[in-house]
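Reviewing the structure listed below.
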Amino acid sequence: MNIAKLSVLRPIAMSMVIVLMLILGGVSMRGMPVDLFPELTFPIVAVTTTYEGAGPEEIENLVSSPIENAMGTLPNVESVTSISRSGGSLVLVAFEWGTDMDFASLDMRERIDSVRDFLPAGANTPRVLRFNPSDLPIVQLAVTDPTGEMTKAKQLAEQEIVPVLNNVDGIASISVEGGAANEIRITLDPNKLNSYGVTLDQLQQIIASENLNLPGGALQDQNQNLPIRITGQYENIFDVKSLPIPTKNGVITLDELGEIIETLEPTTQLSYLNGEPAVGISILKQSGSNTVTVANDIEKQIEEMKKILPEGVQIKSIFNQSDFIEQSIRAVATNMIVGSILAALVLFLFLRNVRSTLIIAFSIPISIVTTFIFMYFTGQTLNLLTLGGLALGIGMMVDNAIVILENIYRLRQSGLSLKDAAIKGAGEVGPAIVASTLTTVIVFLPIVFVDGLAAQLFKPLALVISFSLLASLFTALIIVPLFSSLLLKVNKKQSNFEERFSTFTQWYRRVLQSALKHPKKTVSLVLFLFSISLIGIPFLGKEFLPQQDQSFISMSARLPEGSALDATYAVMEDINEQLQMLDEIDSTFITVGGADNFSVRAGTQTNRANYSILLKPVNERNRTDMQIADDIRQRLKNIPGADISISSSDSGFSSHPISLSITGPELNTLKGIADDVISIISEVDGVREPTSNYTEGNPEIVVQLDRTKASQYGIGSAQVAMAVSNATRGIVASQLARDGEELNIRLALEDTYTQSIEQLENLLITTPLGETIPLQAVASISRGQGPTQITRTNRLREITVNAHIVDRDLGSIVDDIEKELRDRIYLPTNQYKISFGGQDEQMNDAFFKLGGALLLAIVLVYMVMAGQFESYFYPLIIMFSIPLTAIGIITGLLLTNQPIGVGSLVGMLILTGIVVNNAIVFVDYVNILKKQGLTTTEAILEAGPTRIRPIFMTALTTILGLIPLTIGIGEGMEIQQPMAIVIVFGLSFATAITLIFIPVVYYLFDQWREKRRNAKDQITA
């Protein structure tokens, strides 16, 4: 190869090229963002619309349906799902993967503009929201105050902590949850209001109009233009109490109409850290920013703030994604180093030459650093998968260098000078290693045409492996000849290992000779082993992505709809007692009331409590997060009235493991089917917490207005609704500014009329003529059941049943569920259907697409080899090594109890490119020997023992380089482990069999070609 010759003849120039690569690589590595996973673009857009006062059926017909119709005509739309609930609509539009979401969002806004005139007058303008996994918090903090006063804690969080954290580069938004705020509450006596002839509306207007600072023009005085400012804002609670109120009986002060105190605002949300009241802070990062850098900067700011915060105030991190990222990347880096050391030991074992080992070992860091250059200029990030790609490529990086060095070493032993051996050795095997590298790289080309979540995750990994192999090819062709021409020393005597390996080589030659004498028996034996291995396929499970232990469990406890905050808090105390028994729990942060941070919901839910449970590090506990979560399920299953859902090992971007979609026209029938499905699948082994998204309506008080009676008093629905709202919720009339905070001034009636239905009936309403009448004079009041939410997908009503899984693979559980539903479920008509979604749908889609990519990769590998050998025949022989990998793959997955998943399929894709390399090196040398005049048998018997050492060395370095990943040591190795297992076991078995099987197949094909050639010659003669 000319580049190898150039590197030998121009050592100083090439050394400068190497230094340049190291500098550029170092700069590139420092400039790349660090994250847990590659940047993902989910093809889902939400349209939210609020329409206060409307029930789900009205929302479905008047709001959701027009928006659904408009969205359904967009290009590349996969499905349109609408959720219609009281007061609002949520329409989720799922596009095909690969759709340009910027243009899709723009199209959606244009379609919404076209239907806006058809929406009800009271509906707000629909909002378009993009979904992105980076919208999930990267850091969650809890702030506690030693006094237990949550007003101070919330004020501290909002006024001291959040402003400081907002200065950190890369933060998108910060939200404060829980805590309490003070307000000025004016509790009015309705009887006094009536006696003085004052209404709430009048008081609101007076309080608001008096709490103003207004400009009053300007005044000329002594040649100065002085602006006039009228100051009327309230400075303290006394200003509010002494506010003059004109009445029909004369002017009185406001405090004569009721009690005025400073107290806590009514709250529907409480937060606790380890049982103590706390305020939560959730921090989101900007898209594309470095998660680890942002989180570390936040930690630095917190440490600085702790020095100046009041004594006893604590800020505790309850979730920090960067911790898991750093642990995972540290584990990958450690595995890379261990793999490199193991690969170097293999080299030293075979070569018994420190200089030769150092030549190869030095090529590894240069290849890695060169890879960083490619990664930087293609916009990659340093994450679990890209670094995993580097770790997977460690063993393969040295393959090219080993083949070149071994050939140079052999020629040096034969007597050639250092430079001549370096140039000739690289030139002899250069075409073969270029071909073998291209066959490994070309297998990743089909991934470019694959879409979906799996493709978005593994495309960066495929790119990094390709970059690392191309970098290793470049360094092998430059560094190995260069350093060999300067440093290589030949051992004068054989070591014990070399003598033993020489004995093994002689034994291999005898085995190979025997196999060539009995080719049909050899082929039959290999085919028998292949058939035996296929029997193991039914025993392999299936999964989408492996679960990752992030030392974090999320849990929600839901009480019956309408449960008060106090009732939810009481259940929370029962749950806390059980959680305190688990030693593996480090801390718990609880939000009582309010929606889950990770769901699209509006308003608050006083019947829910959301738990963020932080576990101790993996190395400090004996159980996985999934086992701990299942233990929590068992402990909490008997808590009465609480529906508890627990999620662990959640990466934040995959759906529920089990998700069944039930569609049909009638909602009540769908509910009955959903209940049956929940009952059936709960009996399947491994299924946990099957629940449906159908919720019973909220219990409510229904005020039915008698329009005839109301009209006699000149009262309408709006006036009645306002009177009831004012009595129950009060009115925020204005704000009092004090010490940098604003306190609401809330007008409220005494709870005389709001403690029961009977009292509410006596609520006094003022008519336009000034007289007061009780509410029951114009309306009837009764208890009722609020409406449910209505979900539709592609214009069909739908109920979804979701469940978690434990201790079994996804594929086996889905198979059992399908069988049980087929045997036991009854569907009334063909209009009702049950279909699988969630991770099962994602898994099947990924399997289909990656399976197609695997087949295409095999075709591309053949095409590369055909071009290399300029033959259709020899690549066909080499291709026989690919199906033999199934023996090792199936054996490895069964031994390690690993199901087939996306990681396994990607491993098979990589293996397709690796496994043919040994066969290429072997067949290429056989062809060289045949050109020198040897017969086929002689060439095979010469090539086998000659090439067995580089074949063993390349196979062992790849295998041992992946051993740390195969064992799965450290955090975050769950995704790489299946890939490593497939490659290690597949390559191990394939290498052993290839050394015998491929020569025999070559021999049989050559005999067949010879017979055909002789037959043609006889016909011609």
To check you understand the geometry: which heavy-atom pair defines the closest contact between [X] and [Y], and what is its length?
X	Y	answer
Ile628	Leu615	CD1-CD1, 3.8 Å
Ala515	Val1000	CB-CG2, 3.8 Å
Phe922	Pro999	CZ-CG, 3.4 Å
Ser881	Ala919	OG-CB, 4.4 Å
Met843	Leu810	SD-CD2, 4.1 Å
Ser322	Thr291	CB-O, 4.3 Å

Original post:
Is the distance between the ring centroids of Phe504 and Phe952 less than 6.0 Å?
Top reply: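 They qualify: ring centres under 6.0 Å apart.
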Could you state the interatomic distance from [atom1] ([X]) to [atom2] ([Y]), rounded to the nearest 0.5 Å?
X	Y	atom1	atom2	answer
Met375	Met29	CE	CE	10.5 Å
Ile658	His804	CD1	NE2	11.0 Å
Ser988	Ile887	OG	CD1	12.5 Å
Leu512	Ile996	CG	CD1	5.5 Å
Ile585	Ile632	CD1	CD1	4.5 Å
Met32	Leu382	CE	CG	4.0 Å

Would you say [X] and [Y] make side-chain contact, with heavy atoms under 4.5 Å?
X	Y	answer
Phe989	Thr885	no
Phe880	Ile998	yes
Glu620	Asp586	no
Ile535	Ile532	yes
Asp631	Arg623	yes
Leu540	Leu894	yes
Arg808	Asp816	yes
Glu820	Ile681	no

So, the side chain of [X] versus the backbone of [Y]: is there a donor-acceptor pair under 3.5 Å, distance only?
X	Y	result
Ser468	Thr371	no
Thr912	Met908	yes
Lys616	Asp583	yes
Arg688	Asp630	no
Thr891	Gly888	no
Asp809	Lys542	yes

**OP:** Using the side-chain contact (heavy atoms from CB on, under 4.5 Å) rule, take Leu525 and Lys521 through it: C-alpha gap first, then chi angles, then the decisive distance, then the call.
**Re:** CA-CA 6 Å; Leu525 178 62; Lys521 286 183 180 179; over 6 Å; no
Original post:
Do you know which of Arg635, Arg633, Gln634 makes side chain to side chain contact (heavy atoms under 4.5 Å, CB included) with Lys637?
Top reply: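 Considering Arg635, Arg633, Gln634, a side chain to side chain contact (heavy atoms under 4.5 Å, CB included) with Lys637 is found only for Gln634.
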Original post:
Picking from Val915, Val923, Val861, what satisfies side chain to side chain contact (heavy atoms under 4.5 Å, CB included) with Ile878?
Top reply: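 It is Val923, the one option of Val915, Val923, Val861 that forms the side chain to side chain contact (heavy atoms under 4.5 Å, CB included) with Ile878.
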**OP:** For Phe997 and Val523, run side-chain contact (heavy atoms from CB on, under 4.5 Å): C-alpha distance rounded to whole Å, both residues' side-chain angles, the deciding distance at 0.1 Å, then the answer.
**Re:** CA-CA 7 Å; Phe997 185 69; Val523 171; 4.0 Å; yes
Subject >> Those residues that, when tested against Thr475, pass side-chain hydrogen bond (donor to acceptor under 3.5 Å, both in side chains) (two or more places apart) >> reply: Ser367
**OP:** Given side-chain contact (heavy atoms from CB on, under 4.5 Å), test Leu660 with Phe836 step by step and report yes or no.
**Re:** CA-CA 5 Å; Leu660 292 162; Phe836 278 85; 3.4 Å; yes
Original post:
Between Phe374 and Leu463, is a side-chain contact (heavy atoms from CB on, under 4.5 Å) present by the stated rule, with each step listed?
Top reply: CA-CA 9 Å; Phe374 291 118; Leu463 279 172; over 6 Å; no
